[in-house]
Asker: 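Could you have a look at this structure, given as structure tokens, before my questions?
Remember, it's 1-based here, ligands and their atoms both numbered in the order they're listed. Remember, it's a predicted structure, so these values are computed and weren't measured experimentally. Position 1 is the first residue of the sequence, and the numbers go up from there.
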Amino acid sequence: MKILFIASECAPLAKVGGLGDVVSGLAKQLRSEGHDVRIVMPLYGQIDPKTTALKFMGPVCVHLGGRQELWAGVYEGLLDNLIPIWFLEHGEFFGRPGIYNENNREYGDNAFRFAFFSKAVLQVCKDRDFLPDVMHAHDWPGSPVAAYLKTWDRVLSPLAATATVLTIHNIGYQGVYPADVMPFLGLGKQWFVPDVCEDHGRVNFLKMGVYFADAITTVSPAHAEEILSPEGGRGLAPYLNRRRADFSGILNGADYSHWSPESDRLIPENFSIHDLSGKAECRRRLKERFGLDEDDSPVVGVVSRFVEQKGLHLAVAVLDRLLASLPFQLVVLGSGDAGLEDYFQKLPLRFPGRAGAFIGFSNELSHWITAGSDFFLVPSLYEPCGLTQIYAMRYGTLPIVRSTGGLRDTVEDYDPETRLGTGFAFDDPAPEALEAVLRRALETWNARPDRIARLMRQAMEQDFSWEKPAGEYLKVYRQAIENRRKLLEAEGVASGKPRLALNPMLESLG
Ligand code: ADP
Ligand code: GLC
């Protein structure tokens, strides 16, 4: 199958969170199964064409609404020496330090940046004669692609048969912007209605994708259920419910070529389920690096974006008290919300030898914490899938999670009766519930090391590799292609006699 990923992140080149990991991990799996998968993404300022050995392929002329014409450069590279990636270069839009934000402030022109990106993708495909069976758009930044393929490129286009799949990685970010981007998008006024992309007078990119894509997924079965409900859907539940027949949840996989204790090149010492001595060394080095007392107390690790979704304020409400009264240490890596940054930055000053923090983004440290901690805290208010708990389990680091979305689908709460489980879970999004689960985990650690050892083994044996989810995506791709085929058939395009000409450019020209 010919598949094009439309992505605003791709690990390790440009990554803010799990989206980047999923794009490269899924692409690699599909490629290993023989599919012609390619990725297209913006050439951000942080990607240096020289060090990443990119080849300049030429310019592309992008037509937007109002007969606007903008030019971009196209570079080509290879991800992991395997997967072709195209980079769209546009200095004004993408030649900046951040992906979506800078200094915790969202760029004011994100609607224009990603509308341009989406439109350019189609032109690159046509220019390079790569006509995918499926375009797989990820989150709101790629959503306009689905709209373009059903409007500008619906008929009489080399891409008329290309189907679109939209994956919602995070419904908390819908890309809602002032309506003045509509003329630039070049989508006719008939689409600026609540059923399609209008959202209280603004344009909602994700909603547009939900309306136009041939199939829609999110990143875990539990979260798929959640976002069909009014509380979980953040305004999109009615629209997702209309697309229910084409909507499903596929659990994310983990790229174990980067996240395995046996082969991880970023951690101080490798280890495996058969020999955990390296894990003890990872823990010792982690404690040393963060200036923690090198005693026997367990380490609770956190690697997270500091945003409300991640529920860290639940921890903040009880951490001072718990650190003062319970025998554990805390190591935190993350950045974002200024209040949380300030709290965690100052914590080691109040609890020297007991708490450590690094405010910022560091791939190396994220591996150190995942490998060297004993517990891994993910108290999210909502979590579409979550990857950090999946990685932690592989390293025998027991996740302590709130039971929501993908956390619910991946972590099994320890059951003292059966002794089964892969971590610890709590339900109520309240500091007291978090305190109770932390106490439960630490008590088990102190009183029943044999049980903890068994939980660690059970966690390490979990297999979240990409094979199974990739198979599920292929099914969704086929369904999307079939949906697209039926649509073309209904419009008489297949017979060469299109009944509809919905090209808004032609319409606006009268
Ligand atoms: P989300 O995508 O919502 O942030 P996930 O758990 O799916 O949550 O993925 C987060 C990814 O980002 C993981 O690979 C995690 O290790 C990484 N990550 C998050 N914060 C940092 C950070 N400060 N430094 C390095 N990696 C980070
Ligand atoms: C999002 C979600 C996270 C998910 C990731 C990759 O950012 O918050 O739960 O794992 O995307 O799909």
Side-chain angles (χ1 to χ4, degrees), residues 5 7-12 14-26 99-101 104 136-141 166-174 206 217-224 226-227 232 234 249-256 258-259 264 266-267 301-312 331-337 340-341 344-345 357-371 373 376-395 397 399 401-402 404-411 464 466 469 473:
F5 279 19
S8 53
E9 297 176 37
C10 177
K15 159 173 164 178
V16 172
L19 169 61
D21 295 17
V22 169
V23 165
S24 52
L26 175 59
I99 295 179
Y100 318 107
N101 313 311
N104 278 335
H136 187 168
H138 296 269
D139 276 344
W140 71 265
L166 169 69
T167 293
I168 302 175
H169 294 263
N170 201 328
I171 202 154
Y173 302 83
Q174 297 183 9
L206 195 64
T217 67
T218 188
V219 289
S220 70
H223 191 60
E226 287 167 359
I227 65 178
R234 294 169 176 254
I250 301 178
L251 196 68
N252 281 338
D255 182 349
Y256 289 128
H258 287 297
W259 292 97
D264 191 330
L266 297 174
I267 59 177
V302 173
V303 177
S304 184
R305 293 181 293 119
F306 290 171
V307 291
E308 204 196 348
Q309 172 196 349
K310 299 294 176 181
L312 291 169
V331 174
V332 178
L333 166 64
S335 63
D337 176 81
L340 286 171
E341 285 191 359
F344 286 117
Q345 184 106 58
F358 180 85
I359 305 303
F361 192 92
S362 161
N363 191 37
E364 190 211 14
L365 269 184
S366 75
H367 283 251
W368 272 56
I369 295 172
T370 304
S373 303
F376 197 95
L377 183 62
V378 194
S380 308
L381 299 185
Y382 77 96
E383 195 60 74
C385 180
L387 293 170
T388 56
Q389 83 282 6
I390 294 179
Y391 301 152
M393 283 188 269
R394 194 61 159 197
Y395 290 76
T397 303
V401 304
R402 191 172 98 74
T404 178
L407 298 172
R408 183 143 63 88
D409 280 340
T410 53
V411 179
F464 293 99
W466 268 111
Y473 274 109

Asker: Closest by any non-hydrogen atom to atom 8 (O) of ligand 2: pick that one out of Glu9, Gln309, His138.
Answerer: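 That would be Gln309.
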Asker: Search all heavy atoms of Leu19 against all heavy atoms of Ser8 and return the closest pair with its distance.
Answerer: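 Residues Leu19 and Ser8, closest heavy atoms: CD2-OG, 3.8 Å.
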Asker: Is there a side-chain contact (heavy atoms from CB on, under 4.5 Å) between Val22 and Val219 once you walk through the steps?
Answerer: CA-CA 10 Å; Val22 169; Val219 289; 5.5 Å; no
Asker: Gly386 near ligand 2, heavy-atom distance under 4.0 Å?
Answerer: yes
Asker: Indicate yes or no for a side-chain donor-acceptor contact from Asn104 to the backbone of Gly336 under 3.5 Å, with no hydrogens or angles considered.
Answerer: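 Flag set: sc Asn104 to bb Gly336 pair under 3.5 Å.
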Asker: Would you mind listing which atoms of ligand 1 come within a distance below 4.0 Å of any non-hydrogen atom of Gly386?
Answerer: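 Ligand 1 atoms under the 4.0 Å threshold to Gly386: 6 (O), 7 (O).
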Asker: I'd like to check which ligand 1 atoms, numbered from 1 as shown, lie under 4.0 Å from a non-hydrogen atom of Val303.
Answerer: 16 (O), 18 (N), 19 (C), 20 (N), 21 (C), 27 (C)
Asker: Relative to ligand 1, is Pro384 under 4.0 angstrom through side chain, backbone, both or neither, heavy atoms considered?
Answerer: neither
Asker: Start with the C-alpha distance between Ser373 and Thr397, add both sets of side-chain angles, then the distance that settles side chain to side chain donor-acceptor pair (under 3.5 Å), and finish with yes or no.
Answerer: CA-CA 6 Å; Ser373 303; Thr397 303; 5.8 Å; no
Asker: Between ligand 2 and Gly18, is the shortest N or O to N or O distance under 3.5 Å?
Answerer: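 Among all N and O atoms of Gly18, none is under 3.5 Å from an N or O of ligand 2.
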Asker: Does Asp139 use its side chain to pair, donor to acceptor, with the backbone of Asn170 at less than 3.5 Å?
Answerer: yes
Asker: Quick one: do Glu226 and Arg234 make a salt bridge, cutoff under 4.0 Å?
Answerer: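 Salt bridge: no.
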Asker: Quick one, Thr370 and Trp259 - any side-chain contact, counting heavy atoms below 4.5 Å?
Answerer: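 Yes, their side chains come closer than 4.5 Å.
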Asker: Check if His223 has a non-hydrogen atom at a distance under 4.0 Å from any atom of ligand 2.
Answerer: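 Per 4.0 Å heavy-atom rule, His223 does not contact ligand 2.
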Asker: Please state which part of Asp21 comes within less than 4.0 Å of ligand 1, counting heavy atoms only: side chain, backbone, both or neither.
Answerer: side chain
Asker: Should the proximity of Cys385 to ligand 1, defined as any heavy atom under 4.0 Å, be assigned to the side chain, the backbone, both, or neither?
Answerer: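 Neither; no heavy atom under 4.0 Å.
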Asker: Considering all heavy atoms of both residues, which atom of Cys385 and which atom of Asn252 are nearest to each other, and what is their separation?
Answerer: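 The pair with the smallest heavy-atom distance is CB-ND2, 3.3 Å.
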Asker: Can an N or O of Ser335 be found at a distance shorter than 3.5 Å from an N or O of ligand 1?
Answerer: no
Asker: Is it the side chain (CB and beyond), the backbone, both or neither of Val22 that lies under 4.0 Å from ligand 2, heavy atoms counted?
Answerer: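 It is the side chain that gets close, since no backbone atom is under 4.0 Å.
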Asker: Give a yes or no answer on whether the side chain of Thr404 reaches the backbone of Tyr382 with a donor-acceptor pair at less than 3.5 Å.
Answerer: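 Not at all, since once roles are kept as given, no pair shorter than 3.5 Å links the two residues.
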Asker: Which protein heavy atom lies closest to atom 20 (N) of ligand 1, and at what distance to 0.1 Å?
Answerer: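 Checking every protein heavy atom, the shortest distance to atom 20 (N) of ligand 1 gives Ser304 C, 3.7 Å.
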Asker: Which residue and atom name correspond to the protein heavy atom nearest atom 10 (C) of ligand 1, and how close is it?
Answerer: Gly18 N, 3.5 Å
Asker: Among protein heavy atoms, which sits nearest to atom 1 (C) of ligand 2, and what does the distance come to when rounded to 0.1 Å?
Answerer: His169 O, 3.2 Å
Asker: In the protein, what heavy atom is nearest to atom 7 (O) of ligand 2, and what distance, to one decimal place, separates them?
Answerer: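 Ranked first by proximity to atom 7 (O) of ligand 2 is Asn170 ND2, 3.8 Å.
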Asker: I need the contact type for Asn252 against ligand 2. Using non-hydrogen atoms and a strict under-4.0 Å cut-off, is it side chain, backbone, both or neither?
Answerer: side chain
Asker: Closest non-hydrogen protein atom to atom 13 (C) of ligand 1, residue and atom name please, with distance?
Answerer: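 Checked against all protein heavy atoms, atom 13 (C) of ligand 1 sits closest to Thr388 CG2, 3.8 Å.
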Asker: Is there a donor-acceptor pair under 3.5 Å between the side chain of Ser335 and the backbone N or O of Ile359?
Answerer: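 Side chain of Ser335 to backbone of Ile359: no pair is present.
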Asker: Look at atom 4 (O) of ligand 1 and say which protein heavy atom is nearest, naming residue and atom and giving the distance to 0.1 Å.
Answerer: Arg305 NE, 2.7 Å
Asker: Flag the pair Trp466 / Tyr256 as yes when at least one side-chain heavy-atom distance between them is below 4.5 Å, and no otherwise.
Answerer: no
Asker: Name the option, out of Phe361, Phe358, Tyr173, that contains the heavy atom nearest to atom 22 (C) of ligand 1.
Answerer: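 Closest candidate by heavy-atom distance is Phe361.
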Asker: Which of the numbered atoms in ligand 1 are under 4.0 angstrom from any heavy atom belonging to Gly334?
Answerer: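 Selected atoms, number and element: 23 (N).
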Asker: Using a 4.0 Å cutoff against the non-hydrogen atoms of Glu383, which atoms of ligand 2 qualify?
Answerer: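 In order of numbering, the contacting atoms are 2 (C), 3 (C), 8 (O), 9 (O).
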Asker: List every atom of ligand 1 that sits less than 4.0 Å from any heavy atom of Gly360, numbering the atoms from 1 in the order shown and giving each element.
Answerer: 22 (C), 23 (N)
Asker: Of all the non-hydrogen atoms in the protein, which one sits nearest to atom 6 (O) of ligand 1, and at what distance?
Answerer: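 For this ligand atom, the closest protein heavy atom is Leu387 N, 2.8 Å.
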Asker: Of all the heavy atoms in Lys310, does at least one lie under 4.0 Å from an atom in ligand 1?
Answerer: yes
Asker: What distance separates Tyr473 OH from Thr167 OG1, expressed to the nearest 0.5 Å?
Answerer: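 If I round to the nearest 0.5 Å, the distance is 4.0 Å.
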Asker: Find all atoms of ligand 1 within a distance of less than 4.0 Å from any non-hydrogen atom belonging to Ser362, and give their numbers and elements.
Answerer: 24 (N), 25 (C)
Asker: Which ligand 2 atoms does Val219 reach within 4.0 Å, using its non-hydrogen atoms?
Answerer: 12 (O)
Asker: Out of curiosity, Ile250 CD1 to Thr218 OG1, how far, rounded to the nearest 0.5 Å?
Answerer: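 Separation between the atoms: 10.0 Å.
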Asker: Let me see the working for Tyr391 and Asp264 under side chain to side chain donor-acceptor pair (under 3.5 Å), right down to the final yes or no.
Answerer: CA-CA 12 Å; Tyr391 301 152; Asp264 191 330; over 6 Å; no
Asker: State if Gln389 counts as touching ligand 1 under the rule of any non-hydrogen atom under 4.0 Å.
Answerer: no
Asker: Side chains of Tyr100 and Glu9: is there a donor and an acceptor less than 3.5 Å apart?
Answerer: yes
Asker: Between Glu383 and Lys310, is the closest basic N to carboxylate O distance under 4.0 Å?
Answerer: yes
Asker: Purely on distance, is any nitrogen or oxygen of Tyr391 under 3.5 Å from one on ligand 1?
Answerer: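 N/O-N/O distance below 3.5 Å does not exist for this pair.
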